[in-house]
Enquirer: 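Input: one structure, supplied below.
So you know, we letter chains A, B, ... as the sequences are listed, proteins then strands, and number each from 1.
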Amino acid sequence: MNMDPMERYVAEAREYINARLASDYGKDARLELEIPAARADFACPCFILARKSGKTPQQIADGLAAGYAGSGLKMWAENGYLNINADPVSLAAETVTAIRTSGDDYGKTAEGREKIIVEHTSINPNGPIHIGRARNALIGDTLVRCFRHAGLNVESEYYVDDAGKQVTMLVWGVQHLEAPTTGIIKPDRKLVDYYIRASELAGKDEKCAAEIQEMQRRLDQGDPEIVRSVRMIADDVLEGIKESLSNINVRLDRYSYESDLILNGKVAGVIDKLKKLPEAKEDGGAWYIPIGGKDGEDGEDRFYFTRTDGTSLYTTRDVAYHIDKFSRADRLVDVLGEDQKLGIRFLSAALKLLETGREPDFLFYSFVTLPAGKMSTRAGSFVLLDDILEEGKRRAKEEVLKRRSDISDAEATAIASVVGLGALRYNIVRLQAEKKVVFRWEEALNFEGNSAPFVQYAHARACSILEKAGPWSAGSVAYREEAELALCKQLALFPSILRDVSRSMAVHRMAVYSHELASLFNQFYRLVSVLKAAEGVRTSRLALVDATRQVLRISLDCLGIEAPRSM
RNA sequence: GGGCGUGUGGCCUAGUCAGGAUAUGGCACUUGCCUCCUAAGCAAGUGGUCGUGGGUUCGAAUCCCACCACGCCCGCCA
């Protein structure tokens, strides 16, 4: 079973070129094979060799093209390039067959020997998820899904910060302030009110600030009573967060609590080890490690890992957390906002000093802002994930009702739910993570063009054709039409896309791929008829529709988006 | 001031890591297409000094240098 239909063609092209170059230009002659190329499946630019050999690039390319006697590839010389195509007819048939025999495993090419932990979301349990934080969850979840489909051994993990100042403030608020009168039941949305009021009060009331600081100190020392009450309230908020995450198809395999690292002594252990480092310095009772800035103070950053009172800081605990994660995995990936970059420099430096050679990989993303500017909890200028999802489903339902009068209200709601969520997820994940995004409703809930509904619609179309086809079975398949061959080529590319996403962690490429696949299927659909095709051709086309359906579904699943049978 | 990141048609964007051919899609706009497997679609068209200026190269959106604009960070916060 050939899981990557393109593989043997690439290998044949490489083999042929290397053999020819060795015999014609000497054993050290090398040309690079571009995959993919602009005008062909692969291409060899012949410019470098031209200088050494005294021939023109075009002459070299001509010679290589003319000498090919095999049958799997088509070669031609153009503008100094040797252009190479996999034979489209055999590639098409092989691809469709490979997909239909691989099923859900199509694209799975990795061996999965090493264990990977992807940490993502990790939102402080002091309030609900807004769209900026949701970007972390969606990028992280998409990455995990792509890893998994590629065949990697991956586990997702949420780091619950129940030992920091934010939760402490929340807990203080719950213990000292009046219950909110908002009438909201969902715990994350209800409890955040305590946090907002407590943090406001701490800013102007010294007694309140002192109490919070004392609570923080006892928490850091693992005072069982404080830890218990903090954990209880954090878990309450976390329930609300989990509900929101579950609504957008995000599930984490494991939740790790920061307070556990204090209770089991791992934080204290890290502090001990850091203090013993030759680099460590003391500053009035507080300990730090100088980072960067060669000699003297110029450009030096200080990684403080204890306060004057001996308590730990966030990054100190994060070091302990990463050492713990490394004891459970071969490779770590952290999905983080770009504001974390400095802290991560400290983390990496500390890990390098303590655990030689083991550092996590980081996937940083930029912030989501509103057209009016930054999101601010205090100013009430933020867009909650729950609200976007609800609005998305509402808008999607309007669209469904515009088009479908033949279905029940329950069916329309079900379709709207899948489409609304899809639109949301797709629009967050379709962009490079480093790009900053301005949240606009019209863009976030786009239902046409470069959007999830476009891809979902193609899937529903494929399902509809297959449903109407009645019983059929494809033996051997064959394709001749341009639209068929182009579609098959895109299907053949899927394993390499999955490989690329796994390597680069550029999850937006999966969104781009799914859109291109849907687009080619739509072209095929308009140009070529399936159900009314002549017998023989008909079953081949049904097999192609089925293979496309399959890959669309896998792509959407990588994006955490459901593939509806009907829209 | 220092560090990191981003800059591609009116708007959003791919391509940048591993330099290569006529720069990818989408939105908007113009024009066709539902007696035909779902028009959330298809076909065609208008629109681009790839932030600016240098450099390297046979060849630069891509690499190097400088500058400009925007974002993030520069706490014994998280």
Enquirer: Report yes or no: is the cationic atom of Arg231(A) (NZ for Lys, CZ for Arg) closer than 6.0 Å to the six-membered ring centre of Tyr257(A), at no more than 45° off its axis?
Expert: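 Yes, a cation-pi geometry holds between Arg231(A) and Tyr257(A).
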
Enquirer: Please report the distance separating the C1' of rG59(B) from the corresponding atom of rA23(B), rounded so that it comes out in whole Å.
Expert: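 These two C1' atoms come out 15 Å apart once rounded.
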
Enquirer: With a 4.0 Å cut-off on heavy atoms, is Ser566(A) in touch with a base, just the backbone sugar-phosphate, or nothing at all?
Expert: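 Base contact.
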
Enquirer: Using a heavy-atom cut-off of under 4.0 Å over every strand shown, decide if Glu34(A) touches base, sugar-phosphate, or nothing.
Expert: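 Base contact - Glu34(A) has a heavy atom under 4.0 Å of at least one base atom.
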
Enquirer: Between His120(A) and Tyr158(A), is the ring-ring contact (aromatic ring centres under 6.0 Å, His included) condition met? List the steps.
Expert: CA-CA 6 Å; His120(A) 67 80; Tyr158(A) 184 126; 8.1 Å; no

Enquirer: Would you call Glu398(A)-Lys402(A) a salt bridge at under 4.0 Å N-O?
Expert: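 Here Glu398(A) does not pair with Lys402(A) in a salt bridge, since their nearest N and O are not under 4.0 Å apart.
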
Enquirer: Treating Gln490(A) as the side-chain partner and Leu487(A) as the backbone partner, does any N or O pair qualify as donor plus acceptor under 3.5 Å?
Expert: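 Between the backbone of Leu487(A) and the side chain of Gln490(A) there is no qualifying donor-acceptor contact (under 3.5 Å).
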
Enquirer: Heavy atoms under 4.0 Å, any strand shown: does Asp283(A) hit a base, just sugar-phosphate, or nothing?
Expert: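 Result for Asp283(A) = base.
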
Enquirer: It should be established whether Gln432(A) places a side-chain nitrogen or oxygen under 4.0 Å from OP1 or OP2 of nucleotide rA14(B).
Expert: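 Affirmative; the distance criterion is met.
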
Enquirer: Charged N to carboxylate O under 4.0 angstrom, Arg404(A) versus Asp406(A)?
Expert: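 Salt bridge flag = yes for Asp406(A) with Arg404(A).
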
Enquirer: Distance-only, no hydrogens or angles: does the Asp334(A) side chain make a donor-acceptor pair with backbone N or O of Leu336(A) under 3.5 Å?
Expert: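 No; judged by distance alone, with no hydrogens or angles, the pair does not exist.
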
Enquirer: What is the distance, rounded to the nearest whole Å, between atom CG of Leu431(A) and atom P of rG15(B)?
Expert: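 The answer, rounded to whole Å, is 11 Å.
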
Enquirer: Applying the Watson-Crick and G-U wobble criteria at under 3.5 Å, what pairs with rC50(B)? Answer none if nothing qualifies.
Expert: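 Looking at the geometry, rC50(B) pairs with no nucleotide.
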
Enquirer: Let me spell it out: for each of Ala163(A) and Glu434(A), pick the nucleotide of RNA chain B with the closest heavy atom. Which residue's pick is nearer the 5' end?
Expert: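 Mapping each residue to its closest nucleotide by heavy atoms, the 5'-most match is Glu434(A).
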
Enquirer: Which part of the nucleic acid does Ala458(A) contact within heavy-atom distance under 4.0 Å: base, sugar-phosphate only, or nothing?
Expert: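 The answer is nothing, as Ala458(A) stays clear of every strand by at least 4.0 Å.
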
Enquirer: Between Arg403(A) and rG41(B), is there a contact of a side-chain N or O with OP1 or OP2 at under 4.0 Å?
Expert: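 For Arg403(A), the contact criterion (side-chain N or O under 4.0 Å from OP1 or OP2 of rG41(B)) is not met.
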
Enquirer: Does the ring of Tyr365(A) carry Arg135(A) above it, NZ/CZ under 6.0 angstrom from centre and within 45° of its axis?
Expert: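 The answer is no, since Arg135(A) fails at least one limit relative to Tyr365(A).
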
Enquirer: Which residues in residues 503-510 of chain A have at least one heavy atom lying under 4.0 Å from any atom of RNA chain B?
Expert: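 Contacting residues: Arg503(A), His508(A), Arg509(A).
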
Enquirer: Report yes or no: is the cationic atom of Lys341(A) (NZ for Lys, CZ for Arg) under 6.0 Å from the centre of the six-membered ring of Phe364(A), at an angle within 45° of the ring normal?
Expert: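 Verdict for Phe364(A): a cation-pi partner in Lys341(A).
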
Enquirer: Paired with rC42(B) by Watson-Crick or G-U wobble geometry, both distances under 3.5 Å: which nucleotide is it?
Expert: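 By the stated definition (distances under 3.5 Å), rG32(B) pairs with rC42(B).
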
Enquirer: Do the side chains of Asp220(A) and Arg217(A) get close enough for a salt bridge, i.e. N-O under 4.0 angstrom?
Expert: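 Arg217(A) and Asp220(A): not salt-bridged.
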
Enquirer: Is it the case that rC72(B) (base atoms only) and Lys436(A) (side chain only) share a donor and an acceptor within less than 3.5 Å, ignoring hydrogens and angles?
Expert: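 Answer is no: no donor-acceptor pair is held.
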
Enquirer: May I ask you to say what Val437(A) touches in the nucleic acid, namely base, sugar-phosphate or nothing, with a heavy-atom cut-off under 4.0 Å?
Expert: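 If one applies the 4.0 Å heavy-atom cut-off, Val437(A) turns out to touch nothing in the nucleic acid.
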
Enquirer: Please classify the nucleic acid contact of Val419(A) as base, sugar-phosphate, or nothing, using heavy-atom distances under 4.0 Å.
Expert: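 Result for Val419(A) = base.
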
Enquirer: For rA18(B), which nucleotide in any strand shown is its Watson-Crick or wobble partner with both distances under 3.5 Å?
Expert: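 Answer to the pairing question: none, since rA18(B) forms no Watson-Crick or G-U pair.
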
Enquirer: Can a side-chain donor-acceptor contact be found between Ser408(A) and Glu411(A) if the only test is distance below 3.5 angstrom?
Expert: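 Yes, a side-chain donor-acceptor pair sits under 3.5 Å.
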
Enquirer: Might you work through the salt bridge (charged side-chain N to carboxylate O under 4.0 Å, His left out) test for Asp500(A) and Arg503(A), ending with a clear yes or no?
Expert: CA-CA 5 Å; Asp500(A) 174 52; Arg503(A) 184 190 57 79; 3.1 Å; yes

Enquirer: Considering only the C1' atoms, how many Å lie between rG9(B) and rU24(B), rounded to the nearest integer?
Expert: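 Result for the C1' pair: 13 Å, nearest Å.
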
Enquirer: So, does Gln523(A) get its side chain near the phosphate of rA43(B), meaning an N or O under 4.0 Å from OP1 or OP2?
Expert: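 Answer yes for this pair, as a side-chain N or O of Gln523(A) is under 4.0 Å from OP1 or OP2.
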
Enquirer: Which part of the nucleic acid, if any, lies within reach of Ser464(A) when heavy atoms closer than 4.0 Å are counted: base, sugar-phosphate only, or nothing?
Expert: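 Base contact.
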
Enquirer: Can you tell me the Watson-Crick or wobble partner of rU57(B), both distances under 3.5 angstrom?
Expert: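 Paired with no nucleotide.
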
Enquirer: Please report the shortest heavy-atom distance between Leu552(A) and Ser514(A), naming the atom on each side.
Expert: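 That closest heavy-atom pairing would be CD2-O, 4.3 Å.
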
Enquirer: Measuring only the P atom in each nucleotide, how far is rU22(B) from rC67(B)? A whole number of Å is fine.
Expert: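 It works out to 33 Å between them.
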
Enquirer: State the syn/anti category of rC34(B) according to its glycosidic angle, syn meaning within 90° of 0.
Expert: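 It is syn.
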
Enquirer: Using the P atom as the reference point in each nucleotide, state the distance between rC68(B) and rG15(B) in Å, no decimals.
Expert: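 Approximately 28 Å lies between the P atom of rC68(B) and that of rG15(B).
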
Enquirer: Roughly, in whole Å, what's the span from CD1 in Ile497(A) to P in rG15(B)?
Expert: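 Between P of rG15(B) and CD1 of Ile497(A): 10 Å.
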
Enquirer: Protein-nucleotides 22-30 of chain B N/O pairs closer than 3.5 Å?
Expert:
unit_1  : atom_1 : unit_2    : atom_2 : d
rU22(B) : O4     : Arg39(A)  : NH1    : 3.4
rG26(B) : O2'    : Asn450(A) : N      : 3.2

Enquirer: When rounded to the nearest Å, what value does the distance between P atoms of rA39(B) and rU35(B) take?
Expert: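 Their P atoms lie roughly 11 Å apart.
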
Enquirer: Would you indicate, yes or no, if rA39(B) has its OP1 or OP2 atom less than 4.0 angstrom from a side-chain nitrogen or oxygen of Arg461(A)?
Expert: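 For Arg461(A), the contact criterion (side-chain N or O under 4.0 Å from OP1 or OP2 of rA39(B)) is met.
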
Enquirer: Does rC72(B) have its OP1 or OP2 closer than 4.0 Å to a side-chain nitrogen or oxygen of Lys374(A)?
Expert: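 Yes, Lys374(A) has a side-chain N/O under 4.0 Å of OP1/OP2 on rC72(B).
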
Enquirer: Taking the C1' atom of each, how far is rA28(B) from rC70(B), in whole Å?
Expert: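 That atom pair is separated by 25 Å.
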
Enquirer: Counting just side-chain N and O atoms, does Lys341(A) come under 4.0 Å of either OP1 or OP2 of rC74(B)?
Expert: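 For rC74(B), neither OP1 nor OP2 has a side-chain N or O of Lys341(A) closer than 4.0 Å.
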
Enquirer: Taking any heavy-atom pair under 4.0 Å as a contact, classify Phe454(A): base, sugar-phosphate, or nothing.
Expert: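 The answer is sugar-phosphate, as Phe454(A) gets under 4.0 Å only of primed atoms, P, OP1 or OP2.
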
Enquirer: Has Arg395(A) got its NZ or CZ under 6.0 Å from the middle of the six-membered ring of Phe447(A), at an angle within 45 degrees of the ring axis?
Expert: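 No - Arg395(A) does not lie over the ring of Phe447(A) by the 6.0 Å and 45° rule.
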
Enquirer: Could you identify which residues of residues 525-541 of chain A place a heavy atom less than 4.0 Å from some atom of RNA chain B, listed by residue number, or say none?
Expert: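 Heavy-atom cutoff 4.0 Å gives Tyr525(A), Arg526(A), Val528(A), Ser529(A), Val530(A), Leu531(A), Lys532(A).
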
Enquirer: Is the gap between the ring centers of Tyr321(A) and Tyr159(A) under 6.0 Å?
Expert: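 Centroid distance Tyr321(A)-Tyr159(A): below 6.0 Å, so yes.
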
Enquirer: Strictly below 4.0 Å: does Lys165(A) bring a side-chain N or O up to OP1 or OP2 of rG75(B)?
Expert: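 False: Lys165(A) side-chain N/O out of range (4.0 Å or more) of rG75(B) OP1/OP2.
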
Enquirer: Using purine N1 to pyrimidine N3 plus N6-O4 or O6-N4 for Watson-Crick, or N1-O2 and O6-N3 for G-U wobble, each under 3.5 Å, what pairs with rC72(B)?
Expert: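 WC or wobble partner is rG3(B).
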
Enquirer: Using the C1' atom on both, measure rC63(B) against rU16(B) and round to a whole Å.
Expert: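 That atom pair is separated by 10 Å.
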
